[in-house]
Chemist: 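Have a look at this one before I ask anything.
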Amino acid sequence: MGVKERLEQGLVRVPGGTILIAKLADLMAWARKSSMWSLTFGLSCCAIEMMATAASRYDLDRFGMFFRATPRQADVMIVAGWVSVKMAPFIKRLYEQMPEPKYVIAMGGCASAGGPYRDSITIVKGVDQFVPVDVYVYGCPPRPENLILGILKLQERIRAEHLAEKKGLPRPVREPIIIPESGASG
Amino acid sequence: MSMPVSPEKQSTLSTVDILSQGMVINVGPQHPSTHGVLRLILTLDGEQILHCEPVIGYLHRGLEKMMERRPYRHNVPFTDRLDYLAALSNNLGICQCIERLGGVEVPERAQYIRVLLMELQRIASHLVFLGTFGTDLGATTMFLYAFRERELVLDLLEECTGARLTYNWIRVGGVPDDLPEGFGEKVLGFVKTFRQRLEEYDQLLTRNRIFRSRTQGIGILPKELALAYGTSGPVIRASGMAYDVRKAAPYEVYDRVEFDVPVHEQGDVWARYLVRMEEMRQSIRIIEQVLRDIPDGPVQTKLPKVFKPPAGIAYSRIESPRGELSFMMVSDGSPNPLRVHIRAPSFVNLSVLPSLLEGTKVADLVAILGSIDVVLGEIDR
Amino acid sequence: MIEVVVQFFRDYPLLWTFVKAVVLASFTLLIPLAVIWVERKVAGFIQSRLGPLHVGPQGTFQTVADALKLLLKEDIVPSGADKRFFYIAPYIAFISTVLSFMVLPFAPGWVALEMNVAVLFVIGVSLFNVVSILMAGWSSNNKYSLLGGLRAVAQLLSYEIPMVLSVLAVVFYTGSLSLTGIVEYQVKHGWLIWQPPIMIAALIYFICALAEINRTPFDLPEAESELVSGFNTEYSGMRFAFFFASEFANNFFITAFAAALFFGGWDGPILPPIVWTFLKVFVMIFVFMWVRWTPPRLRIDQILRFAWQFLVPVSLVNLLFAIVLGVR
Amino acid sequence: MRTRQPATEQYNPLAVFIEGLSTLFYGMLVTWRNFWRPKVTVRYPYQRKPMPPRYRGLFYLKWNEEKQRLNCVGCTLCAQACPTDVISMVKLGKGTNAGVSEFTMDLGRCLFCNLCVEACPFDAIYMGPAYELASERRDAALFRIADLAQGGEEAVRTNIETVQRLMAEEEKARPAAGGHAG
C-alpha cells in the first residue's frame, strides 16, 4: 500500500522523463513499518484477544507482523493486560533487551492507564510509567480490529518519524469519533 | 534467560541440592508456553528436569479485597477477568453465590439460557486449550483451526451478550435480556459445522502417531495424588475419578439434561486431552437438549436498587471448564460483602505440577503444563 | 558477442571466479526472500488465512521489507558472550550454504564449479552448518541457546548418517560422484526415483532433509514453545538475518540437491532446463511446507531413537540392495 | 532420579514408522482440504465485520430530536452503578427539566459491563457499535460530552440552550400557576 504513495512522492519530473528519488530515510521507514515483528508476550485477557488477532479471522501476518518469542528479534512489544508491581521489572527488562528501533503498544485499559484496577495497590497505573509507549489501544479488552487500528497508527507514526529524533514527534490532535446516527438500542 | 542472581533466586538455589550440579533455568514469566505469566524455576540435568518450582503472583491484583469494597452486583464484571477464557462461568459462579446469600429465585427460562451459554463457553474455552496445546507441541496449524472455530462461538456469544471476551451477561436473579431473534437456529447451524470440524481435529491431531507418542504415558497423575491435591475438572476425570459438579451437585437445569461425564483411567496428558475433546461433544449434546426444551417466560427477577442480603454466609460451586470453581461470600447485612473468597480450579490444579514434572524432559514440560490448562488470571486473583 | 565475453574471462580466470562468487552469494541471499514469501503464503492458505497481503501486491515485498529492516536493526552482543564465536557463527552458516550452492547444477553448464566429487563436497560442507549452530548456542551465554545448540548437534549429526547412506545409494547406481554426472545419467536412463532401492533412499532422504533444515516434526533446535528460539535466541538484526537466510537457502539447496539426485535435475520435456529445475525445487519446497504445517514435533529422545534404531539400519540395508542392483 | 514414565508397549520401529507416516498423510489430507477452502480472514481496514445490535462498544448520549435536547437529566444513577467510577457529570439546573452541561467518561478504566446503561431510567446513555479507540495519546480515553453526544458540539450547545430555556420557563411559570412547565 504505502509503496505506491512513496514512489509517487519520490517521482520527480524532469524534461525528457521521470526520475525516482526515494530518500534512504523513507526506505528505512518503509521497511520498519512493513515488518514489525512482535514479542510473544501476553499477560491476561487482552493476550487472548491478541492471539485472536494473530489467528485466522484477523490475521496479523497480512501486515507482515508475526510473533517472535525472543525479545532480541522483536520490534514491537504489545503489552496486553494488567501489569503488577511484581511484573513491571520484567517488562522493563524485556524492553531493554529489544534492539533499537523499538516500539511499544499498550493494549487495553489496564496496560494503558491501570484500567479497572486503578484502586488496586498491586497494579501499575499504565506501562508508560517505565517504558515509552507509542500507541495506546483502549478497550476492555479491545476488539482485534481495535488492535489492528493501533498497529496501523504505529505504522503511520514510524513512517513520519525521523531517524535521529524518535520520540520528538508532536502529538497529533485527536481525530473525531464516529457516533452512530440512529440510536440503536442497547 | 540469563539474569543476575536476585535475592529471590538465591533463596531458590538453597532449596535444591547444589551438589547435584543441576542447571537452573527460568521458564517465564515471558515464555511462549507458560500460558500467561507463570514462572517455573527448573533445575535441569541435561534435558531432564530434576526439580521444578512454580512462582506465581505476577498478575496479583488483590481482587478479593477489591470486591469487599464494592456492592454485590458491581463485583460481577470483575469476575470476567478472573478466568478470562470462561468469563461466563465465573459470572455464574458469583451470581449463584449472591443469589444463595439473598435467597433470590431465578426464572426457569433464565436457567436454561444460563446452561446454554455455559456450554457454549465451555466449547470456546476448550478450543483455546486445544489450540494452545497444539502450539506447545509444535502443531501450529491446530492453533489456527481451533481459533477459527472459536471465532464462530464468539460470534454467537457476541450476538447474544454484546461482547467478545468479557461478557458480564449473567446477573443476580437471571440474565439481563432474552436470547436474540433466531439465536437457536444459529446455534444449531454452528453445532452442525462444529461436529465436522471435531472430526477434522481428530484426523489432524488425535490420530497422529507423533502426537500420541508425545502425550501417551507422559505426566501421569495417579488417582490418589489427584485426590490428595484436590484437583478437579478434566484433570481429575482423566485420572479415573468421575467427579463433575454438574452431576455431583446439579445446579441450574443440569439435572434435566442428559450427558455423560467422560472418564479416563490413564491419568496422562493424552487422557486429559481426550477428556476435553469428549467434553466438547457432550456440550453439543447439552446445547441441543436445551434448545429443544427451553420454556417461555421471564428471564430476570426484579431486585431492589440497593441489594442488601441478610447477614450470613453462602457458598456456591460450579463446573467451570477448568474444574470446580467456588465462591464464598460472607454478608453482614450491608450492601458490600464482608468477605469474598474464590476457589480457583487452576490454582489447585497447578499445584500438582512439580510432582508431575520431576524426572520428565524439558519437552514434556510444555505438554504437561498445557494439559493442565491453567489460566493465570484465576490463579493470582 | 558471447564468445568475446567468454574469451575475456578465459584470459582472466581469477576475475571470472570472483564474478561467480558474487553471483552465487547474492543468489544465496536473495533466494530466501522468495522461499520465505512462499512459505508464509502457503502457511496462510493452509491455516485459512491470507498471509502477507498489504506490503506490495499480494505481499510480495514483505520479505524484502523484513530483510531491510533486519539489516537496519541494532546489533546486540550480550555481555558475557564469547564474542569471537558469536560474531562469526552466522557467517559460517551462510558460507556453508554458499559453498553447497557452488557445485549445484541448475542446467547443463550452469554450475559454478564443475567438481568430480561434488556429492562428497556437499556432505562435507553441510557439516559446517552444525558447527555454526553449536558455536551460536555455546557463545550466546544463554541457557536456552545452549540447549538448542546441543539438541541441534545431536539431531543433525544423527540424521547426517542415514542421509549420506541414502545419497550413497544413488552414487552406487550411477557410478558417479559428480552431480552433473548423476543428472546426465538420469537424462540418459530415466529418473532414478523409479528404481525401487532409490525410492526407499529418496524417502529416507526426505525425512533426513526435514531434520537437516529443522522443520516440524524435527524442529527441535529452535522449538519455539520450549526453548524460546533455540540457538539463535540472543541474535538480533543482521546476524539473525544471516541465520534466517542460510536456513531458508539451505531449504532451497536441500530440495535442489534432491531434485538432482532423484528427479533428474534439469531433465524434462518442452520447457527449458532451468525452469524444470526451479519447478521441481518449488514443488518439493511446497511439500516440505505442507508437512511442516501438519504434525506436532517429536521429542529429542524420540528423534534420536528413530534415527539410530530405524533410519540407519534401513538405509544400510537399502544401500546393500542398491549396490547389488545398481552396480553393473 | 528415575523417570515416572512406565515402559509402554514393545517398541517396534517399523510399525511405528509406518503408522507415523500413514497418520501423517491422513492429517495432511486435512491441511490440503483447508488449503482450498475459502479463507475466513476479514481484511479489517478495508472490510469490516458488521456489529450485532447488542454490541457493547463506545458510549453515546442519546439525542432527543423532538425535545431538542439530550435525554440525560444528570441524575448520576449511572455513575453510582459503575463499579469503577468511570462517569462524572455536571448537572445543569434542577427539577424534571434538568440536564447536563458536562458529562465525562474515562474509558481507560471502563469494564464495558453495561451496568450503567441498565441503571439509566431516562433512556439517555447507550453503548454503540463503534469500537475504534486506539490512539497515540494517553488521554484519548477521556471522552467529554461533545465526544459522547449524538450530534457532537452542536447538540451539546442546543441541549444547554433548551435546558436553560425550559428552566427559565419553569421559573416564570412557578409564581403564576404554582405548577411546572412541560
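The chains referred to below are lettered A, B, ... by the order of the sequence lines, with proteins before strands, and numbering in each begins at 1.
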Chemist: Using distance alone, with no hydrogens and no angle criterion, decide if A:Asn146 and A:Arg143 have a side-chain donor and acceptor under 3.5 Å apart.
Modeler: no
Chemist: Is D:Arg48 in contact with chain A via its backbone, its side chain, both, or neither, using a 4.5 Å heavy-atom distance?
Modeler: neither
Chemist: Heavy-atom pairs under 4.5 Å with chain A - which of D:Thr84, D:Asp123, D:Val42 has more of them than the others?
Modeler: D:Val42
Chemist: Tell me if the CD atom of A:Gln129 is crowded by more than 12 foreign heavy atoms within 6.0 Å.
Modeler: yes
Chemist: Measuring heavy-atom distances to chain D, does A:Pro142 have an atom under 4.5 Å in its side chain, in its backbone, in both, or in neither?
Modeler: neither
Chemist: Between D:Arg165 and D:Glu169 (salt bridge meaning N to carboxylate O under 4.0 Å), is one present in this structure?
Modeler: yes
Chemist: What about A:Phe66 and A:Trp37, are their ring centers closer than 6.0 Å?
Modeler: yes
Chemist: Chain D heavy atoms under 4.5 Å from A:Arg62: which part of the residue, side chain, backbone, both or neither?
Modeler: side chain
Chemist: Non-hydrogen atoms of chain D under 4.5 Å away: do they reach the side chain of A:Leu149, the backbone, both or neither?
Modeler: both
Chemist: Among A:Ser56, A:Gly109, A:Ala106, A:Cys110, which residue forms the greatest number of heavy-atom pairs with chain D at distances under 4.5 Å?
Modeler: A:Ser56
Chemist: Side chain from CB out, backbone as N, CA, C, O: work out which of these in D:Asp106 comes under 4.5 Å of a heavy atom of chain A, or both, or neither.
Modeler: side chain
Chemist: Is it true that the side chains of A:Thr53 and A:Glu49 contain a donor and an acceptor less than 3.5 Å apart?
Modeler: no
Chemist: Tell me, for A:Asp128 versus chain D, whether the close heavy atoms (under 4.5 Å) come from the side chain, the backbone, both or neither.
Modeler: side chain
Chemist: Checking heavy atoms, do the side chain of A:Ser112, its backbone, both or neither come under 4.5 Å from chain D?
Modeler: backbone
Chemist: Taking only Lys NZ, Arg NE, NH1 and NH2, and the carboxylate oxygens of Asp or Glu, determine whether A:Asp134 and A:Arg157 approach each other closer than 4.0 Å.
Modeler: yes
Chemist: Ring-plane angle category for D:Trp32 and D:Trp36, please: parallel below 30°, perpendicular beyond 60°, tilted otherwise.
Modeler: perpendicular
